[in-house]
Amino acid sequence: MAHSERLVPVLTIDGPSGSGKGTISARVADALGWHLLDSGAIYRAVGFAAGMAGLDLSDGEAVTRCAETTKILFRDPKDGGGTRVIVNGLDATADIRAETCGAAASAIAAIPSLRAALFEKQRSFRKNPGLVADGRDMGTVIFPDAQHKIFLTASAEERAKRRYKQLKEKGLSVTLATLFREIEARDLRDAERAVAPLKPAADAVLIDSTGMSIDVVVAKVLELVRS
Ligand code: C5P
């Protein structure tokens with residue numbers, strides 16, 4: 001690792017799905033004027049590309065090759081609006097947010113060679129003036145030398161409710177009970193996998209956001225980075 005790369009400040013925000021990481025990371029990156037790495041979107045994009053190619057998600061070699069060759073771009077539209085995720089030239093922003101893509105991402109994320117294939121891609125987001133990295137293993141595997149680490153969580157019930165609201169707002173058809181079951185199953189798979197399991201880094205600050213507003217969590221995180 002280049003010395004200059006190590007000096008670029010990194011804030012890692014890890015935690016289970018629906019903990020609010022995505023929203024909090026985007027807001028904090030914006031407030032600090034730092035870059036943002038949504039690593040979950042990378043896994044989702046590979047899951048999407050593998051689905052498009054009709055791959056068997058349990059075929060480690062095939063999905064690893066898919067991760068190596070899939071072109072993923074994050075594009076910020078000049079006329080505002082959220083970041084677009086372009087996968088092999090296709091705008092997959094909405095598709096990758098579907099629960100089927102989340103489940104595909106979680107399944108392929110357990111494959112060690114696939115995680116290794118995505119390692120450098122994620123590290124390349126570390127650029128001045130700083131990076132907010134959102135994921136499951138940002139503080140433990142990808143940026144173990146990050147200056148600031150947070151592990152953000154919330155109860156499974158609250159996370160299911162938040163996800164339900166988000167997906168409904170996007171006009172997707174889901175039920176709360178199904179989401180709750182899916183979140184629990186995904187948590188278990190993410191926490192129990194042998195490679196880069198979901199767990200707080202030893203030096204991470206734990207924040208339980210159950211019952212906390214987004215503004216309060218953002219303020220807490222900014223206070224931590226600035227102190
Ligand atoms: O964060 P998000 O829900 O978009 O991530 C989708 C899936 O990708 C997660 O359930 C997890 O299995 C996987 N993932 C991962 N490591 C990361 C980010 C996401 O394994 N750093």
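Counting starts at 1 for both ligands and their atoms, following the listed order. No experiment lies behind these values; they were computed from the predicted model shown.
Residue Gln122 has no N or O atom closer than 3.5 Å to an N or O atom of ligand 1. Checking only distances, Asp137 does come within under 3.5 Å of ligand 1, N or O to N or O. Looking at Asp134 next to ligand 1, no N or O pair under 3.5 Å apart turns up. Residue Asp38 has no nitrogen or oxygen atom sitting less than 3.5 Å from a nitrogen or oxygen atom of ligand 1, judged on distance alone.
In this structure, the side chains of Phe74 and Leu36 stay at 4.5 Å or more apart for every pair of heavy atoms. In this structure, the side chains of Ser39 and Ile142 stay at 4.5 Å or more apart for every pair of heavy atoms.
Within the listing of ligand 1, atoms 21 (N) sit less than 4.0 angstrom from a heavy atom of Met138. Which parts of ligand 1 touch Ala109 is read off a 4.0 Å heavy-atom cut-off, strictly below it: atoms 12 (O), 13 (C), 20 (O). Residue Ser106 has at least one heavy-atom neighbour below 4.0 Å for each of these atoms of ligand 1: 10 (O), 12 (O). Listed by atom number, the atoms of ligand 1 under 4.0 Å from Asp190 heavy atoms are 9 (C), 10 (O), 11 (C), 12 (O). The ligand atoms of ligand 1 that sit less than 4.0 angstrom from a heavy atom of Ala105 are 6 (C), 7 (C), 8 (O). Of all the atoms in ligand 1, the ones that sit under 4.0 Å from a non-hydrogen atom of Ser39 are 17 (C), 18 (C), 21 (N).
For atom 20 (O) of ligand 1, the closest non-hydrogen atom on the protein side is Arg115 NH1, 2.8 Å. From the protein, the heavy atom lying nearest to atom 19 (C) of ligand 1 is Gly40 CA, 3.6 Å. Of the protein's non-hydrogen atoms, the one nearest atom 8 (O) of ligand 1 is Tyr43 CB, 3.6 Å.
Remark: distances from the non-hydrogen atoms of Arg163 to ligand 1 include one below 4.0 Å. Ligand 1 has no atom lying under 4.0 Å from any heavy atom of Arg189.
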Listing, residues 216-227 side-chain donor-acceptor contacts under 3.5 Å, not counting sequence neighbours, or none:
from: Ser227; atom 1: OG; to: Glu223; atom 2: O; distance (Å): 3.3
from: Ser227; atom 1: OG; to: Leu224; atom 2: O; distance (Å): 3.0

Name each donor-acceptor pair under 3.5 Å that joins a side chain in residues 169-180 to protein atoms two or more places apart or in another chain, with its distance.
from: Thr175; atom 1: OG1; to: Thr178; atom 2: N; distance (Å): 3.2
from: Thr175; atom 1: OG1; to: Thr178; atom 2: OG1; distance (Å): 2.4

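Of the N and O atoms on the side chains of Asp215 and Ser213, not one donor lies less than 3.5 Å from an acceptor on the other residue. If you check the side chains of Ser106 and Arg186, you find no donor sitting under 3.5 Å from an acceptor.
In this structure a side-chain-to-backbone donor-acceptor pair under 3.5 Å is present from Asp14 to Gly139.
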Please step through salt bridge (Lys or Arg N to Asp or Glu O under 4.0 Å) for the pair Asp137 and Arg193, ending with a clear verdict. CA-CA 12 Å; Asp137 61 342; Arg193 68 178 173 224; 5.6 Å; no

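Gln166 pairs with exactly one of Lys168, Arg163, Arg162 by the side chain to side chain contact (heavy atoms under 4.5 Å, CB included) rule, that one being Arg163.
The cluster map of Ile, Leu, Val, Met, Phe, Trp and Tyr, joined by side-chain heavy atoms under 4.5 Å apart, puts Tyr43 and Phe48 in the same cluster.
Nearest-residue assignment for atom 9 (C) of ligand 1 (options Arg44, Glu182, Arg136, Lys21; heavy-atom criterion): Arg136.
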